[in-house]
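Please see the structure below; I have some questions.
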There are 2 protein chains.
Amino acid sequence: MADVARLAGVSSQTVSRVSNGYAGVTDETRGQVLAAMKELGYRPNSAARALKRGEFRTIGIITFSLATTGNVRTLEAIATSAASEGYAVTLLPVAVPTQDEVRGAFSRLEELAVDAVIVIMEVHLLDAASLTLPPHVQVVVVDSDAGDTYTVVDTDQAGGSRAAVRHLLDLGHETVWHLAGPEGSFAAQRRTDAWRHTLTEAGRTPPPLVRGDWSAESGYRAGLELAAREECTAVFAANDQMALGLLRALHERGRGVPEDVSVIGFDDIAEAGSFLPPLTTVHQDFAEVGRQCVRAVLRKMRAAGPERGTTLVPTRLVTRASTAPPPAQRAGAKAAAADGRPDRGASGDGTAV
Amino acid sequence: MADVARLAGVSSQTVSRVSNGYAGVTDETRGQVLAAMKELGYRPNSAARALKRGEFRTIGIITFSLATTGNVRTLEAIATSAASEGYAVTLLPVAVPTQDEVRGAFSRLEELAVDAVIVIMEVHLLDAASLTLPPHVQVVVVDSDAGDTYTVVDTDQAGGSRAAVRHLLDLGHETVWHLAGPEGSFAAQRRTDAWRHTLTEAGRTPPPLVRGDWSAESGYRAGLELAAREECTAVFAANDQMALGLLRALHERGRGVPEDVSVIGFDDIAEAGSFLPPLTTVHQDFAEVGRQCVRAVLRKMRAAGPERGTTLVPTRLVTRASTAPPPAQRAGAKAAAADGRPDRGASGDGTAV
DNA sequence: TTCGCCGATGTTTGCGTAAACATCACGCTC
DNA sequence: GAGCGTGATGTTTACGCAAACATCGGCGAA
């Protein structure tokens with residue numbers, strides 16, 4: 001910086017003013033400084049800047065796994081959104097999701113150059129008491145139930161699940177089975193609760209819960225079990241991957257989708273429209289979740305007050321070809337058809353959104 | 001820090017020594033300092049540290065999209081690997097993959113607190129000449145062809161593709177069709193080249209190339225086209241997502257997999273085992289790619305010399321249920337079956353690309 | 001005993017920046 | 001024309017840390 005100042009014939013303070021876009025600098029002076037900066041290839045040193053200003057313009061992200069589409073898409077949206085606000089994003093992977101590991105991540109974070117933290121993970125691993133964060137680091141949590149402790153941004157899990165169940169009931173199904181996510185997950189919990197509540201509200205009896213772990217493989221195992229139950233005509237899978245495994249199991253067991261069993265997913269991953277058959281599912285707006293996270297975190301940083309509360313991002317039902325009225329309602333002519341080849345496709349093949 | 005020093009009754013320099021694990025400090029003194037640090041909740045300020053040491057212990061990652069599994073898994077591995085070396089990882093998303101955007105990302109990077117950069121993207125957007133990096137920022141590129149300009153780490157695309165094609169030829173297929181990735185991608189290019197080369201080497205004639213864009217949807221469109229060709233008995237899809245779409249199209253057109261057509265993918269994404277049928281594919285070791293990236297980047301930083309060259313990470317063929325000998329080789333009974341096959345889909349409705 | 005050496009600790013200094021304050025020239029008012 | 005305000009620019013300083021150097025005390029060899 002001193003070199004630039006010397007070359008431009010000004011003081012280093014003026015160089016600083018130029019590089020920060022400060023107003024009170026003559027156009028002429030500014031021009032000289034800019035020329036000198038260019039000639040010398042000057043780049044402000046961000047460490048010194050951060051030291052002086054007391055902020056890093058960086059947001060830390062703690063996440064357990066990038067294996068699920070949701071986390072990844074959210075992360076991507078956060079990064080993009082943060083970038084447009086002039087913030088960088090640094091990643092803090094937590095290898096094993098134990099309480100200790102999470103605490104470890106937080107403590108590493110403490111010596112990390114971040115002004116705020118966004119946590120994308122099952123939040124029951126977050127024990128507020130055990131976390132000592134640097135005083136001015138704000139926290140926002142995604143996918144959680146911690147509204148009273150942290151600021152939370154999340155997809156409207158309940159609303160989406162309700163829409164999924166209603167869709168199946170409206171098609172005429174007597175009840176809807178649920179392939180739930182893992183026990184520890186709050187998102188899974190929320191979807192399960194909403195499923196049960198919607199059924200009860202409609203006067204139906206919720207069938208026994210079937211549990212998976214988000215993976216396609218677990219969906220397959222659950223599917224083998226469900227395929228054996230004649231009375232099961234509609235399944236709400238808590239995510240698309242499990243729905244994929246479910247489809248495979250049903251197919252293997254000779255249960256047609258959607259003629260015999262309707263399947264609905266959750267997430268609307270990119271591949272959902274290419275499943276066999278294309279999957280009806282609940283679309284999550286991850287991009288919006290990411291944007292809201294960044295907004296929330298910046299708002300908190302500016303307000304400095306420990307703000308709480310939850311922001312919900314709405315979902316959208318995407319109807320494709322994996323749902324239809326139950327076999328009972330399509331008696332007569334349909335019965336014959338079901339016998340030969342499935343008549344799927346006509347309704348949804350190309351309409352994937 | 002001064003407060004800690006006062007409380008512990010030592011100088012601030014001793015505090016510094018303790019927090020950096022410097023050797024020459026009595027256990028007793030160290031204990032007092034640690035106690036004081038704990039009592040005051042002291043955390044070293046990373047900005048000051050970086051300023052003093054001249055390094056940030058941070059690696060920047062430039063990536064265009066997190067939509068493909070490969071990029072994400074590589075990113076995850078890099079983050080984990082970097083963390084274990086005491087490095088943080090900051091993300092630099094590039095919204096639109098134009099030359100200008102990439103250049104923009106690099107220039108934002110210049111004022112960013114990073115010691116090195118790893119680029120995960122199609123590298124033909126990287127114009128070495130137009131990039132002015134801060135002098136000591138090292139670059140490593142994934143998935144590219146830039147071995148003579150940058151240090152490159154990549155999956156052994158050629159080896160994996162060769163294995164895929166060989167596998168199909170060994171099963172008895174006369175030739176192998178190829179559903180390629182988008183034109184601009186070097187990874188796609190490599191896979192295509194290896195496919196062609198392996199066929200030629202074996203004295204076979206490569207059929208016309210079919211092109212997709214990595215998405216399942218594009219695989220579906222290509223599949224509709226391929227399904228119409230009786231002579232097509234084996235397809236090598238350049239990634240698993242396209243293979244998924246391909247499976248759906250073949251199924252819809254009544255072409256059985258693997259009885260009529262064998263399909264092999266590339267990547268081995270988590271869901272591949274749950275496709276209908278489970279997909280035979282080439283497994284990429286993304287974790288290893290990530291590790292190698294970090295190793296390469298750290299090596300470069302330490303050596304300080306502009307090192308070049310390419311590190312290839314081997315692949316592994318995963319055999320599942322989507323590949324089998326061609327129909328011709330399984331004559332007799334099979335021929336009859338093929339005969340009775342419903343001829344749906346003959347109404348090629350022009351949607352194929 | 002004395003000297004010198006070594007290990008433990010303290011003191012000084014500067015990393016690159018920007019806030020706070022100081023200065024200076026210019027134009028305007030009375 | 002003296003005084004004063006204003007806008008542009010320069011000077012000083014401190015941010016928190018760690019390298020370099022300084023100091024001090026104890027112990028072994030001569």
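A, B, ... follow the sequence lines: proteins, then strands. Residue 1 opens every chain. Since we're looking at a predicted model, the values are computed, not measured.
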>> Each nucleotide in nucleotides 15-23 of chain D should get exactly one letter: B, S or -. Can you fill that in based on protein heavy atoms under 4.0 Å?
In response: BBBBBB---
>> What's the angle between the local helix axes at either end of the helix from C:dT1-D:dA30 to C:dC30-D:dG1, using five pairs per end and rounding to 10 degrees?
In response: 50°
>> Less than 3.5 Å apart, any donor N or O on the side chain of B:Arg49 or B:Ser19 sitting next to an acceptor on the other?
In response: yes
> Partners of B:Arg291 by side-chain hydrogen bond (donor to acceptor under 3.5 Å, both in side chains), sequence neighbours excluded?
Replying inline: B:Glu288
> Between A:Thr26 and A:Arg30, does a side-chain contact (heavy atoms from CB on, under 4.5 Å) hold up when you go through it step by step?
Replying inline: CA-CA 6 Å; A:Thr26 316; A:Arg30 177 189 314 282; over 6 Å; no
>> Show the nearest heavy-atom pair for residues A:Ile59 and A:Val114, with the distance to one decimal.
In response: C-CG1, 4.1 Å
> Atom CZ of A:Phe56 and atom C1' of C:dA18: how far apart are they, to the nearest Å?
Replying inline: 16 Å
>> Assess the residue pair A:Ser46 and A:Phe56 against the criterion (side-chain contact (heavy atoms from CB on, under 4.5 Å)); give the C-alpha distance rounded to whole Å, side-chain angles, the decisive distance to 0.1 Å, and a yes or no.
In response: CA-CA 8 Å; A:Ser46 56; A:Phe56 305 99; over 6 Å; no
>> Any salt bridge linking B:Asp267 with B:Arg73? Criterion: basic side-chain nitrogen under 4.0 Å from a carboxylate oxygen.
In response: no
>> To check you understand the geometry: which heavy-atom pair defines the closest contact between A:Thr151 and A:Lys300, and what is its length?
In response: OG1-NZ, 3.1 Å
> Any side-chain donor paired with an acceptor under 3.5 Å for A:Gln292 and A:Thr311?
Replying inline: no
>> Please tell me if A:Thr26 has a side-chain N or O lying less than 4.0 Å from either OP1 or OP2 of D:dG7.
In response: no
> Tell me: CD of A:Glu55 to P of C:dT17, nearest whole Å?
Replying inline: 16 Å
